[in-house]
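Nothing here was measured: the structure is a model prediction, and the numbers come from that model.
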Amino acid sequence: MEVFVKVMNAVNDIVWHPVMCVFLMMAALWFTVRLRGMQVRRLKDMGRCLMEEGNNDKDIGLSPFQAFATTVGGRVGTGNIAGTATAIFMGGPGALFWMWITAILGASTGMVECILGQAYKTRNLGELTGGPAFYMSKGMKNKTFGKILAVLFCIAVFIGPGFLLPAMQTQTAATAVNGAFGLPFLVVVIAMTAIVGVVIMGGIKRIGQVAELLSPIMCGIYFLITVVILVVNIQKVPSVFGSIFTSAFGKDAVFGGIVGSAVAWGIKRGFFSNDAGNGMSPLISATTDTSHPVKQGLVQGLSVYIDTLLVCTCTGISVLMAGTYNVAADGEGAKLLVEHAPGVQYGIAFMQQAMSHTIGKAGAMLLAIMLFVFIFTTMLSYSYQLESTCKYLFGENKTVVTVVRILFMVFCMFGILIDGDTIWPMGDIGVGCMLWVNTFSILLLTPTVIKIVKDYEKQAKLHLDPLFDPATVGIDDEAGVWDSYVQKKRERGDYENEALGYNMKK
């Protein structure tokens, strides 16, 4: 185990080199500029697109809201609670500010990858499917290079959502439940694996139905808990928010010396939490029946905001308000700069302490239950990400799908073998590998994204409901997944409308 820990830490240092943080932020800024801040100026469209019903064909894919709930369920989990607390420990209160910046800019990256996931989706075993591997192999001008990237991404999915991340999530859930209720790790992990297995065996439709029910409820309850903590500690509001902003820029007398850690850990935990750019969201988004790829991109931009600007902020504000945190002096944890919670392990324990101080022992129990549910919905998302990747590699094969679902449950069990010090490097490696491959790929596909967005905005400007025809932006739809919307465009007279500028006959 000691050798395993050293290997994980060494690989994590390579994958999450400071260059990674710069690369991710520059990519997010690039998309923000190229799309003219669409993640902000199209905020109204996000809510409207969320409630659309597509063709109401419930047998082939998810509704926009189900896909939203599934991706929120996948995003909201350990990273929002333990991850945010870890960012505060390593970078001080200012790390929360940089998580906010990551969300605002990163929403553009999340939109772009989901737009591509929709545009290049196909059918497999009667269901809509797609994701990074599909748009990498089909969208790149050099098909060989595209297929190489696709295979690399598939390997990253096996490493991340397939193996390392499920183990991390089950270990975190077991730690929380054990601390609150005293249940043995093995019991919690077996229970989690069994419940996950029942749902994922029903396929993407059952996953979407469960996420649609649980995700909004859990996010709402978590928000209300934060409001309670804020009200109880209302006198601390000015000082807490002042500390967040001053320490973010090195102006705080206490945290001024670790501003670099605040920036690095804010970006690192921000991208880990909201999944923007790592390719997980388009794997789910591609299963949605919607009339235009940009609509699903906007919905997923909203899910980034919900994840970080709401849920992560709830955690950060709660911990800072309650004062149940410590801050490392060296960015590693060997020395403490601030010790408000003596003897408390950084991570989920910070939030458990905050709830215990405010609500009492019941607070820690409630958090353990909520975290269990958050992680449960995250695991459902992971399972489909792995399944979708296998559909790309092996095509339409029911046996492969069944084997993958069983293997995923086995991977979930590995959480009992991992300790808390190893779990975060494992999770970081899983997300980091996907981020490198996918973010690089969507940068190369920027011209295609711009064409798709312009098509959406031309129709919206004419007060038309945006409908998508892949051929108008140079994409082949071999499976005919967009045929119904192409027919609607034909009936509406889009191809004769000079203002749309298609210059083609249908």
- Sorted by chain and number, sequence neighbours left out, salt bridge (Lys or Arg N to Asp or Glu O under 4.0 Å) with Arg492 holds for Asp494
- Message: Run the side chain to side chain donor-acceptor pair (under 3.5 Å) test against Glu491 and tell me which residues pass, sequence neighbours left out.
- Response: Gln487
- Message: Testing the 3.5 Å rule here: is there a donor-acceptor pair between the side chains of Thr290 and Gln118?
- Response: no
- Task: Taking Thr170 for its side chain and Cys412 for its backbone only, find out whether a donor-acceptor pair lies under 3.5 Å.
- Result: yes
- Item | side chain to side chain donor-acceptor pair (under 3.5 Å) evaluation trace for Gln385 with Ser388 | CA-CA 5 Å; Gln385 291 162 26; Ser388 180; over 6 Å; no
- Carboxylate-amine/guanidinium contact Glu457 Arg36, below 4.0 Å: yes
Please output the side-chain donor-acceptor pairs of residues 93-103 that fall under 3.5 Å, not counting sequence neighbours, one pair per line with the distance.
{"residue": "Trp98", "atom": "NE1", "partner": "Ala248", "partner atom": "O", "Å": "3.0"}
{"residue": "Trp100", "atom": "NE1", "partner": "Thr313", "partner atom": "OG1", "Å": "2.7"}
{"residue": "Thr102", "atom": "OG1", "partner": "Trp98", "partner atom": "O", "Å": "2.8"}

- Item | Pairs touching residues 383-393 that satisfy salt bridge (Lys or Arg N to Asp or Glu O under 4.0 Å), sequence neighbours left out | Glu127-Lys391, Glu387-Lys391, Glu387-Arg405
- What do the steps show when you test Asp469 against Tyr502 for side chain to side chain donor-acceptor pair (under 3.5 Å), and what is the final call? CA-CA 10 Å; Asp469 177 359; Tyr502 290 132; over 6 Å; no
- Can you list the steps and then say if Tyr222 with Thr315 is a side chain to side chain donor-acceptor pair (under 3.5 Å)? CA-CA 9 Å; Tyr222 198 60; Thr315 299; 2.5 Å; yes
- Can you sort out the partners of Tyr305 under ring pair (Phe, Tyr, Trp, His ring centres under 6.0 Å), two or more places apart, ordered by chain and number? none
- Query: Tyr392: what forms a ring pair (Phe, Tyr, Trp, His ring centres under 6.0 Å) with it, not counting sequence neighbours?
  - Reply: Phe134
- For Trp436, the option from Phe153, Phe23, Phe271 that meets ring-ring contact (aromatic ring centres under 6.0 Å, His included): Phe23
- Counterpart residues, side chain to side chain donor-acceptor pair (under 3.5 Å), relative to Thr446 (two or more places apart): Trp30
- Task: Please identify each residue that fulfils side chain to side chain donor-acceptor pair (under 3.5 Å) with Ser273, with sequence neighbours left out.
- Result: Asn80, Asp307
- Task: Examine distances only and state if a side-chain atom of Glu113 and a backbone atom of Gly277 form a donor-acceptor pair shorter than 3.5 Å.
- Result: yes
- Note on the structure: Contacts of Lys295 meeting salt bridge (Lys or Arg N to Asp or Glu O under 4.0 Å) (sequence neighbours excluded), chain-then-number -> Glu52, Asp465
- Query: Taking only residues two or more places apart in sequence, or in another chain, which ones meet Asp45 in a salt bridge (Lys or Arg N to Asp or Glu O under 4.0 Å)?
  - Reply: Arg42, Arg48
- Task: Nearest 0.5 Å please: distance from the OG1 atom of Thr70 over to the CG atom of Leu283.
- Result: 12.5 Å
- So among Val72, Val373, Leu380, which one has a side-chain contact (heavy atoms from CB on, under 4.5 Å) with Leu214? Val373
- Taking ring pair (Phe, Tyr, Trp, His ring centres under 6.0 Å) as the test, write out the residues that go with Phe468, two or more places apart. His292, Trp482
- Applying side chain to side chain donor-acceptor pair (under 3.5 Å) to Ser441 and not counting sequence neighbours gives none
